[in-house]
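Labels below follow one simple rule: chain letters A, B, ... track the order of the sequence lines, proteins then strands, and each chain is numbered from 1.
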Amino acid sequence: MLEIEIDGAKVSADPGEMLIAVTDRAGIRVPRFCYHKHLSIAANCRMCLVDIEGSPKPKPACSTPIAEGMKIWTHNDKTKISQKAVMEFLLINHPLDCPICDQGGECELQDVAMDYGADISRFTEGKRIVEDKDIGALIQTDMTRCIHCTRCVRFGDEIAGVMEMGATGRGENLKIEPFLAYGIDSELSGNMIDICPVGALTSKPFRYELRSWQMQSVAGVSRHDLVGSNLLSQTYKGKVKRIVARENSDINETWIADRERFSYQGLSHENRLLMPQIKIEGKWQEVTWNVALDFALKGLNNAVLNNKQTDRLGALATNTATLEEFYLLQKILRGVGTQNIDYRLNIKDLDATINLPSNIKLTDLETLDYGLIIGANLRLEQPLINHRLRKAVLSGAMVDVVNVAEFDFNYQPNNHNIIAPNQIALLLAGVLKVVLESTQAEVLPDLQNLNPNATAKQLAARLLRADNAVIVLGEHLLNIPQVAIIAALITQIAQHTDSKTLNTSLSANSKAADLAGFTPGRDGLDANTMLTAQLKAYILLDIYPQYDFYNSPKAIEAFNNADTFIIALNSFKDEVVLEYADILLPIANFYESPGSHVNIEGLVQSFPAAVSAPGEAKPAWKVFKVLADLLQLPGFDYTANQQITSEATMHQNPKLSKVDVSKVDVSIDLTMKKGIDIIWQKSPYAIDVLLRHSPALQMTKIGQINTASMNAATAKKLKLTQTDDYLGVPVVLSETVADDCVFINANRQTWDRGQ
Amino acid sequence: MNEVCFKTIDQDNPHTLATYKKNGGYQIWREILAGKWTPEKIIDELKTSGLRGRGGAGFPTGLKWSFMPRNQAGQKFVVCNSDEGEPGTCKDRDILRFNPHAVIEGMAIGGFVMGATVGYNYIRGEFKEPFYRFEAALAQAYELGLLGKNIHGSGMSFDLYSHLGAGAYICGEETALLESIEGKKGQPRFKPPFPANVGLFGKPTTINNTESFASVPSILSHGGQWFADLGVKNSGGVKLFSVTGHVQKPANFEVPMGIPFKDLLKMAGGVRSGRTLKAVIPGGSSTPVLTAEVAMNMTMDYDSIEHAGSMLGAGSVIVMDDSTCMVKALTRLAHFYYDESCGQCTPCREGTGWLYRILKRIIDGNGKAADIDLLLSVQDKIIGNTICALGDAAAMPVESFLRHFRDEFDHYIKHGKSIIEVKNSGENIK
């Protein structure tokens, strides 16, 4: 520690620290525009110039390292003269159109100008005007207002990993603009709006909506992925008007992904379900909540309760539900005496699921020296987990990939091992064999005759050599037959190489469902067996079967069974749901209900409601509470959501997987299967109902992804050409897809996966 | 005259290897390869010689070379700054044209002293002929085995590359130059860290001017004291002066430091006939202008010119006779800096344009009385607040022009036209 003096007061600081970090910590205000603590130093705005004793010139606090005994004056005349000079220069070409600028009221330039600007400009020449480019559906540009701080340029280069914005031209003609004509496509692009200190980059969907001071900010947590990014939902008159990032260095630093920032648009979509409805003799009628719940109770009584057939009742839920919703719904089901509970709708074989812990903290991902990613397009599926891994790569870590197709990374993986899905277990078995041999562990009998290939040897060597390694298993392999063995092999490899594992195979709020026990337990039916068991009644929480199920036609058929009474709680109207449901209860979506998210670390983050749900829609947890009361179930005396949270987090959930990882049965058939594997993914902005109703996101390049990729040989086998559709998705020929594999990224409904 | 960098200039084919060798060229480098020199000895000789950086800043070269962490492991670089772009200077161009081998030998010596095995010579984009001359010299040096890996079995290596710029003045700023070599947009880096610690490709790097490097072989072969004695106290040796402007014979002259300005002017044939000296910018366009009276009494060395109120800079002497309208001259200079600002930092990006526009308004006849104070205020707000020296370079002439020739500005604003041009109108000089 060094001791320095700031404005006459002694302050201690670490050697090598920049002055601005010290003043920030000490709460001393030094104005700045280009400095951002998560970006590299540019020192170009010159606003943070301060007087340092012994230096003839003022020095920028952002790029002046601390030295022992340094004396700094942040508010003396010399400092003020320099800072006011810079302020005047910044303002001469700035349009000063604050009244019509969206940044007005939350503009760093405006704020600092209040302290350092002059009342009247001495600049009487014509101001610079910069032509705007349309850079896409998310970010509005008004580059005449740009002060060239280059935060957005550095963000692209350093954080998003794609330098989409650049500084072209020089002198007064310096322009900040995308280098390429097609605009900004990064999955993290919206952060440029947050970091732009002026009104040059603002939110396009939010344009001209409101002033920042008119809105209330409510702390929230995203449920789109496994990170649980912290955010602020900014509301006005009961509507979410904008989402901005909320800093949490352990979770998302100051960044959020675009889908977190812009999905709120879906909340005010015209398809929102606003009134309870009941179906009488095939006709839908809007009714009051009392009538609807009464109808629901009667329906349940008739279908299963009165005749003691509670094992013919099932509950299924979307994976974006809150911890409390999962908990209450399972409690109701278990309360009436059934274990038919599940949220794992998109899995082919629930007897052989991935059982792999995530045992590494998000922040520790940055300090890894080796990462092995298996079956994931992490950048689009878990953008902020990918961001942490990218940081590790930038500081020297090596990443290898084992995937069924080559994806666009924003860092350079060492090797893209593109392997047919049915070969992956074999490869990992080879890795395990090499690892076991190298560590002098006993080689399992089933591995004795295995001949590890060069890739297996290479991956094993790297895992063994690494001090801090992680193996990431993503969602692509969820439905291949060997998935359970793959997870088991990864567990073993990790144990013997002292590596961590990260399971990104289930997304959204799946961890909350697990924690709440929203799983069948020993005697219950799972999501797949329920569909064939001819159940008499279902409670379905925000389910849209044409998107959500592995086998959608089968699910829809089961729900449409004439004898089956279906209570559908939905936040959006949906044709398919209208067809099979007997009662429709309108419920809250994101930001409309308090709740909790459980992230990949197992961290429970609770959030309040920011707004009320529209129309007559209610938070689902309240609906369940009332339903439980009507069913006269004990233990539902909740008055607040937090009571449910505490109960849910203390609850012991039943054992989920039927595969015990401690005793890996590698005798599961490792030999390759002939035939073509289909890896079906919902495209990144189609994973949940809210995203599917967010117009701006759907207009982006990522939102438009709808491809069935395969190589030419596979296409030939399937008798397909580039102009065909495959399972309703346009065919794209790409030699970076593994043999005998079709990789589908669909933003449409998943009617039929051809299996 | 012409004893160091211009040693070969009066001989036939001055730029060839044969001529250079005939004049003792590559002798020092061969001695170094033979193990006859130590880096410490070379640094001592350079310190004795009083050689100061010839690019304009005048930092003692021996001292600069001693700053390099020469024993630190890893790659290190020497870089020659031949991006000679300051209006008024053209000396490095002629070194590259007429004595390119001296630059090569000087850089190789620098590489030896600082433990750098790779060098780059960054040559101004417009210097096509000098670039090809240098390239040819480089090829000859390689052919002779004087450059490359394990030279003459000495275990020493030095590879040298030339890099042609793309026409940006800012790339003469040493860190912008490094960015440009790295393939990035030429804009200065903030300091610290300094290039000696974090330079080209993040490695320790020393950057010297062409003339500085070209002076080194002669200094070492004749001894530092010989060089120092050629000049005066604090300004050792000889220096190239580019005398341009309103003189009869504009040219580069290699003369001893401390030569009276009036002698230098005489060498350039004096001011144009029938004219009298009005003003001199002694060190390149970014240095303050001096009046004739002051200039005629100064000598051409660091101390004397500083005492006179300006800077020796790169030795680029711009001579202006009494036909010069100082308002228009300053406007032209202001336009240059406005055009060449890289735009990275605020005061320079915004301030250079503002200065130019005020001056343009004045010469267009739309000046206001308050404009003089505004000019002074704007230049004062640029000085010292920018990342690199371009901001200062743009601002300093404004202050000196106004200090010495304020009446011309006042007249121009009041009458909307140049007093000088009115005086000259009968004589058809514009």
Using only non-hydrogen atoms and a strict under-4.5 angstrom cutoff, which residues of residues 120-129 of chain A touch chain B? Arg122(A), Phe123(A), Thr124(A), Glu125(A), Arg128(A)
Heavy-atom nearest pair, Ala42(A) first then Gln344(B), reads O-OE1, 4.3 Å
May I ask you to check whether over 12 heavy atoms, not counting those of Lys417(B), lie within 6.0 Å of atom NZ? no
Taking every heavy atom of Arg46(A) against every heavy atom of Ile387(B), the minimum-distance pair comes out as NH1-CG1, 3.1 Å
Heavy atoms of Glu172(A) and Arg349(B) approach each other most closely as CG-O, 3.8 Å
Counting only non-hydrogen atoms closer than 4.5 Å, can you tell me which residues of residues 377-384 of chain B sit against chain A? Ser377(B), Val378(B), Lys381(B), Ile382(B), Gly384(B)
Has Glu306(B) got more than 12 heavy atoms of other residues, nucleotides or ligands less than 6.0 Å from its CD? no
Thr346(B) side chain to Cys45(A) main-chain N or O, any donor-acceptor pair under 3.5 Å? yes
Please round to the nearest 0.5 Å and tell me the distance separating atom OG of Ser341(B) and atom CG of Asn173(A). 10.0 Å
Pick from Lys84(A), Lys59(A), Lys57(A), Met47(A) with the largest number of heavy-atom pairs that fall under 4.5 Å of chain B: Lys57(A)
Side chain, backbone, both or neither: which part of Asp371(B) has an atom under 4.5 Å from a heavy atom of chain A? neither
Heavy-atom cut-off 4.5 Å, strictly under: side chain, backbone, both or neither for Ala370(B) against chain A? neither
More than 12 heavy atoms from other groups under 6.0 Å of NZ on Lys414(B): no
Is the CD atom of Glu131(A) crowded by more than 12 outside heavy atoms at less than 6.0 Å? no
Contacts with chain A made by residues 179-205 of chain B (heavy-atom distance under 4.5 Å), listed by residue number: Lys185(B), Phe190(B), Pro192(B)
Does atom NE2 of His307(B) have more than 12 heavy-atom neighbours, drawn from other residues, nucleotides or ligands, at distances under 6.0 Å? no
So, for Leu174(A) and Gly343(B), which heavy atoms are closest and what is the spacing to 0.1 Å? CD2-O, 3.0 Å
Any Glu350(B) side-chain heavy atom under 4.5 Å of Asn93(A) side chain: yes
Where do Val86(A) and Pro347(B) come nearest, in terms of heavy atoms and distance? CG2-CG, 4.3 Å
Hey, which of Leu49(A), Thr64(A), Ile92(A) has the most heavy atom pairs under 4.5 Å with chain B? Ile92(A)
CG of Asp77(A): more than 12 outside heavy atoms within 6.0 angstrom? no
Interchain contact, Ile41(A) with chain B, by part (heavy-atom threshold 4.5 Å): both
Per-residue tally against chain B (heavy atom, under 4.5 Å) across Pro60(A), Pro56(A), Gly166(A), Pro58(A) peaks at Pro58(A)
Side chain from CB out, backbone as N, CA, C, O: work out which of these in Thr168(A) comes under 4.5 Å of a heavy atom of chain B, or both, or neither. backbone
Are more than 12 heavy atoms, taken from residues, nucleotides or ligands other than Met1(A), located less than 6.0 Å from that residue's CE atom? yes
Which residues, numbered in order, of residues 352-362 of chain B come under 4.5 angstrom of chain A by heavy-atom distance? Gly353(B), Trp354(B), Arg357(B), Ile358(B), Arg361(B)
